[in-house]
S.K.: 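Structure below; questions to follow.
Each chain gets a letter, A, B and so on, in the order the sequences are listed, and its residues count up from 1. As a basis for the values below, the full set of heavy atoms in this structure was taken, side chains included, without hydrogen atoms, waters or symmetry mates. Only a predicted model underlies this, so the values are computations on that prediction, with no experimental measurement involved.
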Amino acid sequence: MPELPEVETTVAGLRKVLDGQRITRAEAFRADLRWPIPEDLRQRLTGATITGLGRRAKYGLIYTDRDDVLIFHLGMSGRWRVDPAEMEKHDHFLLETAAGRVVALNDHRRFGSLDIVANGTLADYRFFAKMGPEPLSDEFDAEVLQKALKGRKAPIKAMLLNQNIVAGLGNIYVCEALHMAGIAPDALSEKISKPRLVKLVIAIKVVLTSAIAAGGSTLRDFAAPDGELGYFAKDWRVYGREGEVCGCGAQVKRRVDSGRSTFYCAKCQR
DNA sequence: ATATCGACCTGCCGGC
DNA sequence: TGCCGGCAGGTCGATA
């Protein structure tokens with residue numbers, strides 16, 4: 001379930017295993033995921049020491065002492081398996097450390113990606129260059145959001161899914177944040193009042209922060225021999241709850257917008 | 001520039 | 001039991 005909170009939790013888990021470690025083996029088991037995997041990946045990683053891990057939007061970042069950054073995206077179905085007993089179907093990439101720890105990237109739909117770039121060029125990375133602010137940063141506030149939405153005709157849900165407006169939200173947390181803020185998914189972005197945008201920004205931060213906190217509580221699982229990431233408390237208020245009763249007493253509705261499910265409450269979201 | 005939509009993959013579930 | 005349609009946490013890139 002890789003939106004920002006899941007990537008954040010994934011990176012935190014990987015950090016415990018990889019940070020400061022020397023890479024003794026780096027191997028891809030296929031030439032591409034969504035995009036080609038760089039051919040020099042193995043050579044650039046093998047023997048390098050990992051100096052830190054980070055995240056940008058839904059991308060995980062693994063820094064090495066060769067001034068490289070390994071960039072991964074989990075797509076829809078990606079997850080890292082830690083110290084797997086054996087390789088499984090859809091394990092596409094593996095890192096092993098001098099300490100004997102192994103992490104394997106498993107992604108059955110292959111919408112994820114793996115790339116490596118020089119650290120100094122990270123900001124210009126083709127998928128980062130036009131990206132919007134991190135939703136949890138102080139930089140992201142109602143002013144910034146209002147500016148970004150100015151002149152935009154698309155509904156607010158589409159705008160929040162657009163990584164160039166704000167980077168890291170996906171279908172689940174957009175539905176959740178809009179519900180928490182009481183804003184209809186199809187509200188015209190440009191017309192949403194400043195006070196409501198303030199509320200929306202707060203909702204986004206609250207929803208993401210609590211999801212990260214929930215993910216954090218499962219970090220123990222990450223280090224388990226057969227550990228895998230991806231179980232998080234499913235305490236969603238609307239997502240996946242079509243037909244269930246909203247807090248206000250009305251029924252949660254589901255609608256499909258440009259091919260994606262939208263869950264909302266027509267009574268409390270206007 | 002912006003908005004929309006098809007495409008990329010595999011797996012699972014429900015219905016017939 | 002099997003087949004088929006629909007659905008899934010993402011987003012790029014082609015089109016209008």
S.K.: Atom NZ of K58(A) to atom C1' of dC12(C): distance rounded to whole Å?
M.R.: 13 Å

S.K.: To the nearest Å, give me how far apart CG (D107(A)) and C1' (dT11(C)) are.
M.R.: 14 Å

S.K.: Report yes if the distance between the aromatic ring centroids of F93(A) and F72(A) is under 6.0 Å, otherwise no.
M.R.: no

S.K.: Classify the nucleic acid contact of R152(A) as base, sugar-phosphate or nothing, counting any heavy atom under 4.0 Å across all strands shown.
M.R.: sugar-phosphate

S.K.: Taking the same atom, P, in dA14(C) and in dC9(B), what whole-Å distance lies between them?
M.R.: 16 Å

S.K.: Regarding K157(A) and D186(A), does a basic nitrogen lie under 4.0 Å from an acidic carboxylate oxygen?
M.R.: no

S.K.: State plainly whether one hydrophobic cluster holds both W35(A) and L61(A), where clusters connect Ile, Leu, Val, Met, Phe, Trp and Tyr through side-chain heavy atoms under 4.5 angstrom apart.
M.R.: yes

S.K.: Considering only the P atoms, how many Å lie between dG5(C) and dA7(B), rounded to the nearest integer?
M.R.: 16 Å

S.K.: Between W236(A) and F263(A), does the ring centroid distance fall short of 6.0 Å?
M.R.: no

S.K.: When both hydrogen-bonding distances must be under 3.5 Å and the geometry is Watson-Crick or G-U wobble, what is dC9(B) paired with, if anything?
M.R.: none

S.K.: Would you indicate which nucleotide in dT11(C), dG13(C), dA3(B) comes nearest to any side-chain atom of R34(A)?
M.R.: dT11(C)

S.K.: Is there a side-chain polar atom (N or O) of H108(A) under 4.0 Å from OP1 or OP2 of dC9(B)?
M.R.: no

S.K.: Look at the side chain of R110(A) and the base of dT10(B), then say whether one donor and one acceptor between them are separated by less than 3.5 Å.
M.R.: no

S.K.: Counting side-chain heavy atoms from CB outward, which of dC12(C), dT4(B), dC9(B) is closest to R109(A)?
M.R.: dC9(B)

S.K.: To the nearest angstrom, how far is E6(A) atom CD from dG10(C) atom C1'?
M.R.: 13 Å

